[in-house]
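Worksheet for the structure shown next.
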Amino acid sequence: MQKITLRQGVEIFLNVIFWAMAITILLLTTETGVIENVEEDDHGNIIRETIEMGPFILENFIGMLGIIPLFYLNTFYLIPKYYTNKKYLFFSGSLILGLILLIAFELIIVIFQRITIHSMMVRFFMFYNFFYIAIATVYGIIRHQFKIEQKQQLLEKEKVSAELRLMQSQINPHFMFNALNNLLAVSERSNNPETSSGITKLSDLLRFMIYDTQAERVPIVKEIEFIKNFISLQELRYSKEDPFVISFNIKTNQNNPQIAPTLLIPFVENAFKHGLHIQSPSFINIQLELKDHLLSFKVENSKHQLQKTEFEKKYSGVGLENVKRRLDLIYPNHHNLEIIEDEHTFCVQLKIELL
């Protein structure tokens with residue numbers, strides 16, 4: 001079970017205190033019954049008829065507690081899903097519908113008590129429910145904004161930590177590119193086109209990882225080019241006679257939205273790591289489709305029962321877990337990741353709204 005943090009514990013405690021105070025005030029100060037006062041003369045004719053609020057009725061109180069589920073539905077679902085995504089019309093419509101249903105529920109309870117419904121009672125229910133929904137809306141917006149700031153701070157810490165790790169392990173990039181250029185010149189003099197192509201693609205990969213990953217977002221075309229170079233470099237390891245089928249299909253529109261760098265490559269890397277076996281028919285199918293700002297990315301590969309080393313057992317799945325964490329931090333509520341596997345295949349399906 002997930003442990004409750006101190007902040008969550010304090011939030012639960014404050015919610016309990018809030019409702020305890022609300023119910024206490026309601027019980028002590030509110031009257032939801034209706035009394036009809038009728039004055040008659042000696043002949044039984046009505047002289048004056050007045051309506052006033054009467055003593056508190058328990059059944060009405062139970063009906064009014066229906067505000068609690070609507071309160072938290074607004075706080076934890078409607079605000080994060082619709083209000084924060086600027087779907088104000090749908091958000092307002094959902095709230096109005098919820099209020100109408102709640103008031104109808106409260107009035108049905110009154111009807112079952114065989115009490116006449118008066119406008120004073122309807123106005124009271126409307127004010128009571130609207131008051132608590134207003135509180136729920138303010139609470140939900142503040143709470144969601146606080147979570148966004150927390151995630152932003154966590155993302156900044158992750159970025160700083162990644163930059164520190166990069167600086168600790170990074171060889172001077174100019175030295176690296178000079179060395180690769182020297183190797184490229186040697187391979188070209190030796191008339192070895194495959195080696196030259198591999199060095200060029202490795203240089204492109206390093207350039208992307210060293211320079212482009214410093215930005216929070218990169219154009220999707222750069223991420224696609226990075227994947228292409230990675231695949232080409234991996235293919236150099238194998239012969240054309242090996243029983244492999246590797247495909248990368250791309251469908252994009254004219255838009256070129258931004259994406260967090262190196263977000264997709266762990267899935268491709270995982271497919272090459274576990275999907276190819278030189279003694280068995282193997283396949284890797286990669287599909288990338290972009291419609292407007294919705295990115296659909298699918299990687300499917302064959303599975304083989306291979307003996308893992310102790311190192312592989314210890315760190316197996318670390319890359320996928322890291323990318324899941326990045327998705328939660330960078331694209332909260334704007335992505336869907338599915339991992340489907342059986343005895344023979346492993347499939348990753350990712351959808352991201354590139355905002």
Side-chain angles (χ1 to χ4, degrees), residues 194 197-198 201-202 205 208-209 218 220-253 257 259-354:
E194 286 190 351
S197 175
K201 294 187 183 304
L202 177 59
L205 286 175
F208 182 87
M209 294 180 68
V218 297
I220 188 68
V221 292
K222 283 195 172 184
E223 187 77 6
I224 292 173
E225 190 64 29
F226 180 65
I227 295 172
K228 286 181 178 178
N229 287 334
F230 179 84
I231 293 172
S232 298
L233 200 59
Q234 291 293 322
E235 288 176 331
L236 291 176
R237 300 170 55 192
Y238 305 105
S239 168
K240 293 182 179 180
E241 286 72 32
D242 291 332
F244 300 157
V245 176
I246 301 171
S247 63
F248 184 22
N249 298 313
I250 305 167
K251 294 180 181 179
T252 62
N253 50 25
I259 188 174
T262 67
L263 191 64
L264 305 178
I265 198 65
F267 302 116
V268 180
E269 186 179 12
N270 187 73
F272 275 94
K273 183 177 180 181
H274 301 288
L276 301 182
H277 186 235
I278 199 163
Q279 296 178 350
S280 306
S282 307
F283 70 90
I284 296 176
N285 295 326
I286 306 168
Q287 298 177 18
L288 187 149
E289 185 174 357
L290 184 64
K291 290 184 178 179
D292 295 326
H293 284 75
L294 179 62
L295 173 68
S296 299
F297 188 67
K298 180 179 178 181
V299 181
E300 187 176 16
N301 60 268
S302 51
K303 282 178 61 177
H304 306 281
Q305 302 298 326
L306 302 177
Q307 188 68 31
K308 294 183 179 180
T309 65
E310 288 299 320
F311 180 83
E312 289 175 329
K313 290 179 181 178
K314 183 177 180 181
Y315 294 100
S316 178
V318 171
L320 292 181
E321 289 302 317
N322 286 341
V323 77
K324 286 179 185 178
R325 184 170 177 79
R326 286 189 69 199
L327 284 167
D328 289 336
L329 288 170
I330 302 172
Y331 298 103
N333 302 319
H334 291 282
H335 78 276
N336 181 57
L337 175 63
E338 290 186 66
I339 297 178
I340 306 166
E341 62 177 315
D342 55 32
E343 186 179 354
H344 302 291
T345 60
F346 184 90
C347 180
V348 173
Q349 295 180 349
L350 173 65
K351 291 185 178 181
I352 308 177
E353 292 180 46
L354 300 177

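In this structure the side chain of Asn322 never reaches within 4.5 angstrom of the side chain of Arg326, judged on heavy atoms. Using a 4.5 Å cut-off on side-chain heavy atoms (C-beta onward), Val268 and Ile284 make no contact. Between Phe297 and Glu289, every side-chain heavy-atom pair lies at or beyond the 4.5 Å cut-off. With contacts defined as side-chain heavy-atom distances shorter than 4.5 Å, the pair Ile339/Lys324 qualifies. Pro257 is listed as a side-chain neighbour of Leu290, based on a closest heavy-atom distance under 4.5 Å. You'll find the side chain of Leu327 reaches within 4.5 Å of the side chain of Leu350, heavy atoms only. Looking at Phe346 and Asn270, their side chains come closer than 4.5 Å, going by heavy atoms from C-beta outward.
Expressed to the nearest 0.5 Å, how far CD1 of Ile330 lies from NE2 of His335 amounts to 10.0 Å. Atom-to-atom distance recorded for Phe267:CZ and Glu300:CD is 14.5 Å, nearest 0.5 angstrom. Distance check, rounded to the nearest 0.5 Å: CG of Leu264 to CD of Glu269 gives 13.0 Å. Atom CD of Gln349 and atom OG of Ser296 lie 9.0 Å apart (nearest 0.5 Å).
Between Lys303 and the options His344, Glu341, His277, a side chain to side chain donor-acceptor pair (under 3.5 Å) holds for only Glu341. With Leu288 as reference, Leu295 is the one residue of Asn249, Val299, Leu295 to meet the side chain to side chain contact (heavy atoms under 4.5 Å, CB included) rule.
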Self-check item: Test side chain to side chain contact (heavy atoms under 4.5 Å, CB included) applied to Val221 and Phe226, step by step
Solution: CA-CA 9 Å; Val221 292; Phe226 180 65; over 6 Å; no

Quiz item: Taking it one step at a time, do Phe272 and Ile231 satisfy side chain to side chain contact (heavy atoms under 4.5 Å, CB included)?
Solution: CA-CA 9 Å; Phe272 275 94; Ile231 293 172; 4.0 Å; yes

Quiz prompt | Steps toward side chain to side chain contact (heavy atoms under 4.5 Å, CB included) verdict (Ile220, Thr252) | solution = CA-CA 10 Å; Ile220 188 68; Thr252 62; 5.9 Å; no

Exercise. Under the side chain to side chain contact (heavy atoms under 4.5 Å, CB included) rule, what do Ile246 and Leu276 come out as? Steps first, then yes or no, please.
Key: CA-CA 10 Å; Ile246 301 171; Leu276 301 182; 4.2 Å; yes

Practice problem: Evaluate the salt bridge (Lys or Arg N to Asp or Glu O under 4.0 Å) criterion for residues Glu225 and Lys222: first the C-alpha distance (whole Å), next the side-chain angles of each, then the deciding distance (0.1 Å), finally the verdict. | Solution: CA-CA 5 Å; Glu225 190 64 29; Lys222 283 195 172 184; over 6 Å; no

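A donor-acceptor pair under 3.5 Å is formed between the side chain of Ser282 and the backbone N or O of Ser280. Judged by distance alone, with hydrogens and angles left aside, the side-chain atoms of Tyr331 form no donor-acceptor pair with the main-chain N or O of Asn336 at under 3.5 Å. Using a distance-only test at 3.5 Å, with no hydrogens or angles considered, no donor-acceptor pair links the side chain of Ser302 to the main chain of Thr345.
Scanning all heavy atoms of the two residues, the minimum distance from Leu263 to Val323 falls at O-CG2, 3.2 Å. Taking each heavy atom of Gly275 and Asn301 in turn, the nearest pair found is CA-ND2, 3.6 Å. Between Glu223 and Ile265, the shortest heavy-atom distance links the atoms OE2-N, 4.1 Å.
The environment of Lys351 atom NZ is sparse: at most 12 non-hydrogen atoms of other residues, nucleotides or ligands sit within 6.0 angstrom.
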